[in-house]
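This is a predicted model, so every value here is computed, not measured.
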Amino acid sequence: MTQTTLAGPGQKPGEPGRADKQESGDGLQAGLKNRHLSMIAIGGVIGAGLFVGSGAGIAAAGPAILLSYALVGLMVVFVMRMLGEMASARPSSGSFSAYADQALGRWAGFSIGWLYWFFWVVVLAVEATAGAKILEGWVPGVPQWAWALIVMVVLTATNLVSVGSYGEFEFWFAGIKVVAIGAFVVVGLLAVFGLLPGSDNPGAGLAHLTDSGGFFPHGPGAILTGVLMVVFSFMGSEIVTLAAGESENPQRAVQKATNSVIWRIAVFYLGSIFIVLTLLPWNDASILKDGSYVAALNSIGIPHAGQVMDVIVLTAVLSCLNSGLYTASRMAFSLGGRGDAPKAFARTNKRGVPQAAILSSVVFGFVAVFFNYQWPDTVFQFLLNSSGAVALFVWLVICFTQLRMRGIILRESPEKLVVRMWLFPYLTWATIAMISFVLVYMLTDDSGREQVLLSLLVAAVVVVVSLVREARQRKSGAIPADASADA
């Protein structure tokens with residue numbers, strides 16, 4: 001398969017060079033089927049954070065957490081619409097990093113690409129450790145570090161076999177998450193309206209939204225506190241735009257994913273949290289103690305709710321690990337193809353797999369896992385905090401990129417603009433304002449402040465490196481002095 005060629009600075013559309021290649025034999029292969037892409041798109045918005053972290057958000061904001069999820073969900077819908085506009089016109093394994101390279105300059109593509117790679121490498125360690133804790137609880141004879149190693153090795157092997165094997169694993173992982181959330185919503189609704197046979201929760205109902213201090217028990221300001229607690233559970237929705245480059249019909253896959261993001265967020269996030277809040281009072285102690293979903297299932301007499309949820313959370317963890325490794329490796333592949341990472345990262349084996357990019361990402365993932373066990377409160381905490389705000393940086397870059405990329409696409413290939421951002425450019429600027437507000441508000445929060453400042457520090461270092469590198473390349477003649485970002 002030949003992928004749409006992306007023109008970079010000083011390069012005309014269609015010319016070989018820094019663009020991602022997807023030619024058979026030495027490039028990425030179209031190994032993802034439509035069902036893979038559909039499930040990756042659906043499952044991408046369901047992270048382990050939804051199952052594990054929602055209880056803390058409910059405790060902090062009460063029923064108003066629904067508005068927190070709605071606000072962040074709206075932000076993600078807008079960002080995905082912008083990304084869908086660019087990805088459907090120019091499918092790329094580098095996605096927003098490749099587009100930033102073209103629209104904003106090489107420094108932008110280099111910086112956001114490496115920051116995004118760094119984010120997912122740290123996520124690998126977090127998810128491997130979370131999965132290992134669950135598995136150790138089931139089989140205590142195997143130490144936690146060994147489970148983390150086993151999980152990482154198995155999923156690395158999956159990614160190394162072929163992109164199709166990644167897609168197949170993710171299809172089933174995401175499928176379990178989707179079925180679990182769907183079943184939870186259906187069973188919960190039946191219980192809320194008194195239609196569930198054998199349910200022993202007669203108090204369930206809409207009254208729980210206001211009967212314990214009102215809808216805003218901690219005041220309207222708690223909505224923003226809730227936003228800070230839930231925003232990072234949405235990270236991953238953009239993965240489908242990277243994966244689309246390895247499908248047979250990237251444009252169709254991106255269109256479908258972009259158009260369905262609204263109902264996915266409405267059902268999986270707002271729907272499931274609404275069920276929890278109508279089955280139990282928001283301040284019920286079991287929500288924090290057992291987790292929101294386990295507490296809700298226990299309240300209606302579902303047997304072995306804790307064990308069932310452990311299986312679902314483990315599936316979500318493995319899905320996140322699987323996709324995280326895939327995403328990090330494809331971003332490394334794209335950076336290598338554009339000359340912003342070692343050239344070996346852009347090479348693929350006969351199965352169309354970027355082996356060096358995968359193994360390099362795994363090595364750093366293993367290092368992060370080691371830090372998590374050796375220095376969890378110092379070195380690893382620094383890694384966590386310094387990558388904590390990268391999700392918001394990525395969304396900001398997508399917004400600014402789309403502002404310029406719209407004009408580039410219209411000038412070069414207007415027929416490919418099949419997905420359009422609504423009310424352009426007003427909604428794009430409104431989204432930029434929303435994301436910027438969240439970042440500024442994080443500075444007023446004790447835990448959020450450290451994340452923003454350390455993430456800004458790391459981002460500044462990466463940007464400086466990219467600018468110095470670009471200046472040296474211009475001086476040596478590797479980049480034409482008059483090359484512009486939208487050449």
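A donor and an acceptor atom, one from each side chain of S272 and Y293, are located under 3.5 Å apart. Checked by atom type, the side-chain pair S237/R264 shows no donor-acceptor distance below 3.5 Å. Judged purely by distance below 3.5 Å, without hydrogens or angles, the side chains of E238 and Y116 pair a donor atom with an acceptor atom.
The aromatic rings of Y269 and Y69 sit tilted, their planes meeting at an angle between 30° and 60°. Classified by interplanar angle (parallel below 30°, tilted 30° to 60°, perpendicular above 60°), the ring pair W263/F268 is tilted.
Nearest approach of V227 to V72, heavy atoms of both residues: CG1-CG2, 3.8 Å.
Rounded to the nearest 0.5 Å, atoms CZ (F382) and OG1 (T378) are 11.0 Å apart. Atoms CD1 and OG, on I65 and S54 in that order, are 9.0 Å from each other to the nearest 0.5 Å. With values rounded to the nearest 0.5 angstrom, W117 atom CH2 is found 15.0 Å from R330 atom CZ. In this structure, CZ in F345 is found 10.0 Å from CG in L359, a value given to the nearest 0.5 Å.
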Apply side-chain hydrogen bond (donor to acceptor under 3.5 Å, both in side chains) to Y326 and E246, showing your working. CA-CA 12 Å; Y326 171 83; E246 293 179 79; 2.6 Å; yes

S68 vs M229, side chain to side chain contact (heavy atoms under 4.5 Å, CB included): CA-CA, chis, key distance, verdict: CA-CA 9 Å; S68 302; M229 301 185 77; over 6 Å; no

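Proximity of Y99 to V397: side-chain heavy atoms (C-beta onward) are nowhere separated by under 4.5 Å. Counting only heavy atoms from C-beta outward, the side chains of L124 and L325 approach each other to under 4.5 Å. Within the 4.5 Å cutoff, the side chain of T431 has heavy atoms near those of the M82 side chain.
Counting heavy-atom neighbours within 6.0 Å of E168 CD, excluding the residue itself, gives a total above 12.
Checked by atom type and distance alone, the side chain of S361 pairs as donor or acceptor with a backbone atom of A357 at under 3.5 Å.
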